[in-house]
Structure formats: structure tokens, C-alpha cells
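For reference, the structure is listed below as C-alpha cells.
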2 protein chains.
Amino acid sequence: MPEVATAVEQAAFVCASRGVQLTELRRQVLRLILEAEAPIGAYALLDKLRGLRAGAAPPTVYRALDFLLEQGLVHKLERLNAYMPCVETGHAHHDGHGHGHDHPHQFLICRKCGATAEICAPAVAAAITEAARAQGFTPGVATVEVEGVCANCA
Amino acid sequence: MPEVATAVEQAAFVCASRGVQLTELRRQVLRLILEAEAPIGAYALLDKLRGLRAGAAPPTVYRALDFLLEQGLVHKLERLNAYMPCVETGHAHHDGHGHGHDHPHQFLICRKCGATAEICAPAVAAAITEAARAQGFTPGVATVEVEGVCANCA
DNA sequence: GCCATGGCGATACGATATAACCTGGGATGA
DNA sequence: TCATCCCAGGTTATATCGTATCGCCATGGC
């Protein structure tokens with residue numbers, strides 16, 4: 001997978017331009033997530049990481065994940081408690097507190113093969129914003145995860 | 001909260017009409033969820049439940065939760081790993097496998113006070129279905145959880 | 001009586017996530 | 001130069017979430 005290397009390099013560039021460091025540990029974790037075919041859990045990640053650094057413990061992985069999530073380089077899938085790369089590398093909102101992703105996104109999770117696609121459907125985001133405002137609610141980040149069957153498995 | 005008692009009675013009626021039992025344990029767990037002001041976690045529920053039955057253990061709570069989820073009496077919030085009542089008591093699809101809810105629903109989670117509202121916005125569900133189909137994906141249940149600020153806290 | 005079924009007590013375990021504390025290394029500034 | 005600070009990350013322990021499995025007992029059909 002040569003794309004993995006280029007994705008890591010692009011992430012390094014984005015981090016450098018923000019004045020934050022994509023350290024060796026963070027690169028390794030990002031690479032492992034990019035290499036996984038489906039969303040990967042924290043402890044599966046930990047197992048793989050131990051092949052690269054023997055002393056790795058849960059906080060090792062979770063701290064790297066926190067960084068990658070803050071920088072918008074990876075997503076967390078709440079239904080699966082698993083992580084996958086962000087297709088639009090580095091769209092975190094870097095304003096003030098600096099957490100999360102600012103581009104709306106949704107996930108399509110195949111119940112057969114586990115493959116998960118990230119899509120960007122502005123119509124969905126707009127419908128959610130409107131529905132929330134109708135309740136007097138000021139919407140922030142929306143988690144949208146759809147379980148179903150992908151085109152390959154159908 | 002007199003509404004709690006009536007909600008429990010209505011749930012008992014729904015269960016009876018389906019030929020399943022809302023046992024004393026399940027009633028207690030449902031009641032605790034109804035009495036909570038915000039979504040409540042499994043272990044917080046367990047703590048409260050131990051006030052009613054000393055021997056309660058994790059499986060005690062999880063079995064009751066599984067039942068209540070199957071019957072569509074409660075929802076799970078994936079972002080919080082917590083549970084809350086379903087406003088439309090008993091809309092589970094009782095066809096064959098019998099898991100989950102068949103009415104589309106979305107959650108508005110207040111980041112200030114934790115209060116969570118369930119809403120039903122068909123426009124959101126429609127937008128999601130359309131976006132999924134456009135990718136050749138056959139959508140099933142959609143998880144929609146919006147973090148933001150509620151009307152009270154604004 | 002016999003046995004299938006379902007509810008549930010009890011133990012153990014696996015998986016997910018965080019708290020608390022410490023160390024080392026590079027930047028900063030007196 | 002050296003004291004200081006911040007930050008990345010190591011280390012240990014623990015909280016939280018969720019399952020697997022065993023076994024008991026009551027109910028109800030045969």
C-alpha cells in the first residue's frame with residue numbers, strides 16, 4: 001500500500017503547518033489504522049503496536065488516538081468502539097479548543113463484511129441542523145452511523 | 001413522578017400483548033431508567049439496583065437491558081454508553097428476529113446539562129436513506145446523536 | 001412424574017477507557 | 001551555564017462496559 005506512506009506524509013505536513021508534532025508513536029498508530037481494512041479497536045491496535053514497541057500499554061494507544069482525533073486525522077465509530085482514517089486528512093477545526101472534525105460526515109457500516117465508508121452528505125447535515133433548531137437546540141457535532149449492507153455484499 | 005408509574009404500566013400492557021413478561025426485575029430496571037434525569041450507564045444502574053436487590057451483578061442489569069432494548073422500551077446512546085427510555089413505548093418491530101426499534105429516531109444531547117431528547121424527524125431519515133442508496137448501500141438502522149446545547153442551557 | 005423453557009443468581013473473564021504518577025528531553029530564559 | 005517548564009510517553013493501577021458460562025428453581029405441557 002504505497003498510499004499509506006503518502007497519507008502519513010500528508011498528515012505530517014498538516015501537523016507541521018499547525019505547529020504540532022506527528023511523533024514516531026503517532027505515525028505508527030496512524031499507519032496501523034491506515035493499513036487496517038476495516039475500523040480497528042484500540043486493543044487490536046495495541047496488539048499490533050507491540051510488534052513495533054514492546055512496552056506499549058493502553059495509555060500509549062489512547063494518547064495517540066486522542067491526538068489523531070483532535071487533529072482530525074482519524075474518526076471514532078461509536079457503534080463499534082473502533083477507529084478508522086479520515087478521508088479528508090486534516091479538516092479539524094483549529095479554532096480555540098481544537099477538538100473534533102468540522103466537516104459533516106456520516107458512516108455506512110456493512111453488517112456482512114464490516115467495511116465502513118465515510119461519506120459527506122450535506123443534505124443529511126442540513127436536515128439534522130434544521131430538526132435540532134426546531135427544538136430550540138443548538139447543534140454541534142452530529143454522529144451519524146448507518147448499519148446496512150454494502151454494494152459488494154448485496 | 002406519577003408518570004413513571006403509568007409508563008411502567010403501559011410497558012407491562014405492551015409486553016403482555018406480545019406474550020412476553022415484564023418481570024419484577026425488568027420493571028425495576030425500567031423504573032430506574034425512567035426516574036433518571038439523563039441517560040444512565042449500566043453500572044450506575046447496577047448501583048441503584050443493589051438498593052432493591054442485594055445480589056445484583058452485571059449480568060442482572062445487562063439481561064434486563066437486553067430485554068428492554070429488544071422490546072423497544074429503552075434506547076442505548078452510543079456516544080455515552082448509557083440508556084434512556086423510549087418516548088414511544090413499544091415500537092419495536094416484532095417481526096422474526098425482534099431486535100431494535102423500527103421508528104426512526106434521533107437524539108439531541110446537551111453538553112452542558114447532559115439532558116437528552118429523543119426526536120423523530122422523518123426528513124433526517126429520508127436524507128440518510130437517499131445518501132446511502134446513492135452509494136449502493138442498503139441502509140438499516142441509523143444511529144443519529146447530536147451533541148450541542150439545549151434550549152434551557154442556551 | 002418428566003422434561004423443556006425461561007428467569008435469574010453467581011463467578012469469571014474479556015474489552016474498553018482513564019487516573020495518577022514518574023521520567024527524560026528539548027525549548028526557554030535568567 | 002544552568003534552572004525551569006512543558007510535553008511526550010512509560011508504568012502501574014483501576015474504573016467501566018460487556019459476555020460467557022454454570023447452575024438453580026419455577027412453570028407448564030406431555
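Given the structure is predicted, the values throughout are model-derived calculations rather than measurements. Keep in mind that the numbers below use all heavy atoms, side chains included, and drop hydrogens, waters and symmetry copies. The sequence lines fix the lettering, A, B, ..., with proteins before strands; numbering per chain opens at 1.
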- prompt: Is A:Ile33 close to A:Leu73 at the side-chain level, that is, under 4.5 Å between some pair of heavy atoms?
  reply: no

task: Establish, with yes or no, whether the OP1 or OP2 oxygen of C:dC8 is under 4.0 angstrom from a side-chain nitrogen or oxygen of B:Arg53.
output: no

message: For a quick test of reading the model: is some side-chain N or O of B:Thr60 closer than 4.0 Å to OP1 or OP2 of C:dG9?
response: yes

Measure from [atom1] on [X] to [atom2] on [N] and round the result to the nearest Å.
{"X": "A:Gln71", "N": "D:dC7", "atom1": "CD", "atom2": "P", "value": "14 Å"}
{"X": "A:Leu69", "N": "C:dA17", "atom1": "CG", "atom2": "C1'", "value": "13 Å"}
{"X": "B:Phe67", "N": "C:dG7", "atom1": "CZ", "atom2": "C1'", "value": "11 Å"}
{"X": "B:Glu24", "N": "C:dG9", "atom1": "CD", "atom2": "C1'", "value": "16 Å"}
{"X": "A:Arg79", "N": "C:dT16", "atom1": "CZ", "atom2": "P", "value": "16 Å"}
{"X": "A:Leu77", "N": "C:dT16", "atom1": "CG", "atom2": "P", "value": "13 Å"}
{"X": "A:Asp47", "N": "C:dT16", "atom1": "CG", "atom2": "P", "value": "10 Å"}
{"X": "A:Gln28", "N": "D:dA8", "atom1": "CD", "atom2": "P", "value": "16 Å"}

- request: Salt-bridge test for B:Arg79 and A:Glu78: reply yes if a basic N is under 4.0 Å from a carboxylate O, no otherwise.
  value: no

message: Within the 4.0 Å limit for protein heavy atoms, which parts of nucleotides 16-30 of chain D are touched? Write it as a string from 5' to 3', B for base, S for sugar-phosphate only, - for none.
response: -BBBBB---------

field: Check: B:His75 ring centre within less than 6.0 Å of B:Phe107 ring centre
entry: yes

Can you check whether [Y]'s main-chain N or O pairs, donor with acceptor, with [X]'s side chain at less than 3.5 Å?
{"X": "B:Arg26", "Y": "B:Gln21", "answer": "yes"}
{"X": "A:Arg50", "Y": "A:Ala56", "answer": "yes"}
{"X": "A:Thr138", "Y": "A:Gly136", "answer": "no"}

